[in-house]
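Here is the structure we will look at, set down as structure tokens.
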Protein chains: 2
Amino acid sequence: MRDSKKILSEHKVSITNPRILVLEALLDNKNPLTIDELQSKLKNKVAKSTLYRVLNDLKNINILNEFTDPNNATVVELLLEEDSHHHHLFCSDCGEIIDIQMGESFESTLSKEIKRIEKKFNFIIEDHRLELFGKCTDLCKNCI
Amino acid sequence: MRDSKKILSEHKVSITNPRILVLEALLDNKNPLTIDELQSKLKNKVAKSTLYRVLNDLKNINILNEFTDPNNATVVELLLEEDSHHHHLFCSDCGEIIDIQMGESFESTLSKEIKRIEKKFNFIIEDHRLELFGKCTDLCKNCI
DNA sequence: CAATAAATGAGAATTATTCTCATTTTTTAT
DNA sequence: ATAAAAAATGAGAATAATTCTCATTTATTG
């Protein structure tokens, strides 16, 4: 409750109830949520048009990551620490999405490879995303 | 024109005009197309409900890869050779999507890392996707 | 605390995708 | 080659996700 207000003021956006509620719902989950899951957590406390607007606000201040799961459903997650670079693991059985960190040596090999691609295609690469797809055998909360 | 019929018969699906037209449009492009781009190429020669059905058919016979671009627009591409493992490079200026191959040593480092993740999370990982985001400086056909 | 600016809620509008069903095309078996 | 059966198509209705509109409410500023 405190946290969410602090986040908003630190990013110089006005502190409103819908924003606090959405932030709290997102802060409450360490793994990403689909829009549906987020709406369920919020019940009817935030109008859906407002929910989309708030998500957009959070994207604008760069603390929200938005992507799509293997069914093309939109998924969001808060990105609070600058250094929290991570990737995602999707379970095709239960739909669970898990944040994963790749080892340092992998990330450094990837950086080198990215430099090669930048030269080859004359691109400036600003970001990347790695997603792994598979089946959990016992860890996902819905698969147990 | 020949190719597309062969592809269909090899996969044991009936040979119809809409399927031929969609395949030809996709064969014509080495890089992925958004649904909009595909519809433009097809003009009104294929009804939109049929287009979606045909794309679905192609997915079912495992020769179509579908994903979303950074604007969440659906993108499709044919996957004809089994061994054509590749990734994608997105230009945020012009929207161009380019197929890229990562070097062998990168892919092998990734494989090892994936094995580690499988153990750690008790997952069976079946596929992965790597996307690079940036700006082309002179190569994309729309950015010149 | 008043004035101004910004954000919200409710629902309409828009967009992408799927569904329905009568008609047409393709395949199969002769 | 042809008739019967099966599958696919087109047109548009239905659905789902997201964006937009605008009158009202809430937050910020001085």
Side-chain angles (χ1 to χ4, degrees), chain A residues 1-2 4-26 32-61 63-76 95, chain B residues 1-2 4-26 32-61 63-76 95:
Chain A
M1 204 210 280
R2 205 96 294 277
S4 55
K5 290 187 187 176
K6 189 155 56 159
I7 292 167
L8 293 170
S9 66
E10 275 169 3
H11 287 88
K12 304 193 182 62
V13 298
S14 53
I15 294 165
T16 67
N17 229 262
R19 285 173 181 169
I20 291 168
L21 291 169
V22 172
L23 272 178
E24 277 170 8
L26 292 170
L33 292 175
T34 62
I35 301 284
D36 280 351
E37 289 166 338
L38 185 51
Q39 273 176 327
S40 307
K41 291 195 75 163
L42 291 167
K43 277 297 179 194
N44 296 332
K45 285 182 280 182
V46 176
K48 87 180 136 57
S49 51
T50 302
L51 173 58
Y52 281 103
R53 269 182 303 224
V54 168
L55 291 175
N56 210 52
D57 298 336
L58 301 180
K59 268 195 280 183
N60 288 336
I61 60 176
I63 63 169
L64 190 81
N65 188 21
E66 188 185 86
F67 55 98
T68 53
D69 73 11
N71 306 314
N72 292 333
T74 299
V75 172
V76 292
Chain B
M1 204 210 281
R2 205 96 295 275
S4 54
K5 289 186 187 176
K6 189 156 55 156
I7 291 168
L8 292 170
S9 66
E10 276 169 3
H11 287 89
K12 305 193 182 64
V13 297
S14 53
I15 294 165
T16 67
N17 229 262
R19 285 173 181 169
I20 291 168
L21 291 169
V22 172
L23 272 178
E24 277 171 7
L26 291 170
L33 292 175
T34 62
I35 301 284
D36 280 351
E37 289 166 339
L38 184 52
Q39 272 176 326
S40 307
K41 290 196 77 163
L42 292 168
K43 278 296 181 197
N44 295 333
K45 285 182 281 183
V46 175
K48 86 179 137 57
S49 51
T50 304
L51 173 59
Y52 281 103
R53 266 182 305 222
V54 168
L55 291 175
N56 210 51
D57 298 336
L58 301 181
K59 267 195 283 182
N60 288 336
I61 60 177
I63 64 170
L64 191 82
N65 188 21
E66 188 185 87
F67 55 98
T68 53
D69 75 9
N71 305 314
N72 292 332
T74 298
V75 172
V76 291

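So you know, we letter chains A, B, ... as the sequences are listed, proteins then strands, and number each from 1. Just so you know, these numbers come straight off a predicted model, no measurement behind them.
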Revision key, fill the gap. A:Asn44 CG to C:dT8 P, in whole Å, measures 16 Å
Revision key, fill the gap. Of D:dT9, C:dG9, C:dA16, the nucleotide closest to the side chain of B:Asp36 is C:dA16
Exercise for review: Tell me which nucleotide among D:dA11, C:dA12, C:dT17 gets nearest to the side chain of A:Lys48.
Suggested key: C:dA12
Check your understanding: Which part of the nucleic acid does A:Arg53 contact within heavy-atom distance under 4.0 Å: base, sugar-phosphate only, or nothing?
Key -> base
Exercise for review: Round to the nearest Å and state the distance from A:Asn56 atom CG to D:dC20 atom C1'.
Suggested key: 13 Å
Point to revise | Earlier contact from the 5' end, DNA chain D, for B:Lys45 and B:Asn72 | key: B:Lys45
Check your understanding: If we only count heavy atoms from C-beta on, is the B:Leu23 to B:Ile63 side-chain gap below 4.5 Å?
Key -> yes
Exercise for review: Could you grab the distance from atom CZ of B:Arg19 to atom NZ of B:Lys5, nearest 0.5 Å is fine?
Suggested key: 14.0 Å
Review point. So which one's nearest nucleotide on DNA chain C is more toward 5', A:Val46 or B:Thr74?
Key: A:Val46
**Study point:** Identified side chain to side chain contact (heavy atoms under 4.5 Å, CB included) counterpart of A:Val46 within the set A:Ile20, A:Asn17, A:Leu21
**Key:** A:Leu21
Practice item. Mind calculating the distance between CG (A:Leu21) and C1' (C:dG9) to the nearest angstrom? Key: 14 Å
Exercise for review: Using a 4.0 Å heavy-atom cut-off across all strands, classify B:Ser14 as base, sugar-phosphate, or nothing.
Suggested key: sugar-phosphate
Review point. Considering only C:dT8, C:dA16, D:dT18, which nucleotide approaches the side chain of B:Tyr52 most closely?
Key: C:dA16
Point to revise | Nearest-Å distance for atom pair NE2/P, residues B:His11 and C:dT27 | key: 16 Å
Practice item. Find the distance A:Leu8:CG to C:dA7:P and express it as a whole number of Å. Key: 11 Å
Exercise for review: Would you classify B:Thr16 as touching base, sugar-phosphate or nothing, given that sugar-phosphate means primed atoms plus P, OP1 and OP2, and contacts are heavy atoms under 4.0 Å?
Suggested key: sugar-phosphate
Check your understanding: In whole angstrom, what separates B:Asp57's CG from C:dT18's P?
Key -> 12 Å
Exercise for review: Return the value, rounded to whole Å, for the distance between atom CD1 of B:Ile15 and atom P of C:dT28.
Suggested key: 10 Å
Review point. Can you check whether A:Leu26 reaches A:Leu64 side chain to side chain, under 4.5 Å on heavy atoms?
Key: yes
**Study point:** Euclidean distance, atom NZ of residue A:Lys12 to atom P of D:dT28 [Å, nearest integer]
**Key:** 14 Å
Point to revise | Residue of the set A:Thr16, A:Asp57, A:Ile15 for which side chain to side chain contact (heavy atoms under 4.5 Å, CB included) holds with A:Leu8 | key: A:Ile15
